[in-house]
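This report refers to the structure that appears directly beneath it.
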Amino acid sequence: MKRVVLVGFMGCGKSTLGKKLANRLNIPFIDSDAEIEQYYKKSIGDIFSEYGESHFREIEKSFIKTLKNKSEFVLATGGGMPCFGENMSLLNEIGTSFYLQRSPKELVNRLMNAKKKRPLLEGLTDEELTSFVETKLSMREEYYRKATFILDRTEQTVDFIQQTIHLLHPLQKN
Ligand code: S3P
């Protein structure tokens with residue numbers, strides 16, 4: 001039973017790597033934001049503006065519980081998901097978690113052009129984005145670091161994660 005959970009800050013590359021990994025392992029890819037948007041038929045931005053962030057966090061928590069019935073997947077979590085309540089423990093119960101660690105500087109560069117679809121970043125100047133990322137990351141890092149594996153930039157590859165999973169489940173084919 002392969003359940004892989006990718007955690008990390010907005011813009012660290014969870015979805016891109018997650019899709020490739022799911023493809024390689026031949027198991028479903030799940031993007032928590034996309035699933036929530038599909039279920040509520042609203043964008044994450046609209047959920048934030050209509051119901052508020054705390055409601056979104058409740059939705060995320062309920063979403064994690066729905067994964068208990070699924071046997072195999074690669075999950076790309078929303079950047080804040082692991083950092084509320086017991087979510088990181090719940091994620092560790094359902095799968096093998098990997099923290100895609102990136103420096104604040106790298107994250108800021110990656111997020112510069114991707115502020116639009118992320119409600120927490122909307123309207124921030126580049127300077128505000130920098131201080132937002134530094135502050136938020138330092139608050140969230142303790143949760144992300146509860147992941148089973150912490151991967152630096154060079155380890156954030158399909159091959160590396162596949163090999164790690166293979167060590168955990170040596171008898172499985174992929
Ligand atoms: C959030 C990250 C987003 C999304 C929402 C809130 C956060 O997901 O869940 O905008 O609090 O960090 P990504 O990490 O995929 O951008």
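From a predicted model like this one, the values you see are computed outputs, not experimental measurements. When a ligand or atom number is given, it counts from 1 through the structure's own listing order.
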Inset, instruction - Starting at CG of Leu91, measure out to OG1 of Thr96 and round the result to the nearest 0.5 Å. - result: 12.0 Å

Would you mind listing every salt bridge (charged side-chain N to carboxylate O under 4.0 Å, His left out) that reaches into [range], with sequence neighbours excluded?
range	result
residues 154-164	Arg24-Asp159
residues 78-104	Arg102-Glu106
residues 11-21	none

Could you list each N/O atom of ligand 1 together with any protein N/O atom closer than 3.5 Å, one pair per line with the distance?
residue  : atom   : partner : partner atom : Å
ligand 1 : 8 (O)  : Asp33   : OD2          : 2.8
ligand 1 : 8 (O)  : Gly79   : N            : 3.4
ligand 1 : 9 (O)  : Asp33   : OD1          : 2.8
ligand 1 : 9 (O)  : Asp33   : OD2          : 3.1
ligand 1 : 11 (O) : Arg57   : NH2          : 2.7
ligand 1 : 11 (O) : Arg140  : NH2          : 2.8
ligand 1 : 12 (O) : Gly80   : N            : 3.2
ligand 1 : 12 (O) : Arg140  : NH1          : 2.7
ligand 1 : 14 (O) : Lys14   : NZ           : 2.6
ligand 1 : 14 (O) : Gly79   : N            : 2.8
ligand 1 : 15 (O) : Asp33   : OD2          : 3.4
ligand 1 : 16 (O) : Arg118  : NE           : 2.6
ligand 1 : 16 (O) : Arg118  : NH2          : 3.2

Legend entry - Phe149 and Phe98 aromatic ring geometry - parallel, tilted or perpendicular at 30°/60° bounds: parallel

Legend entry - Polar side chain donor-acceptor pair, Gln101 to Gln156, under 3.5 angstrom: no

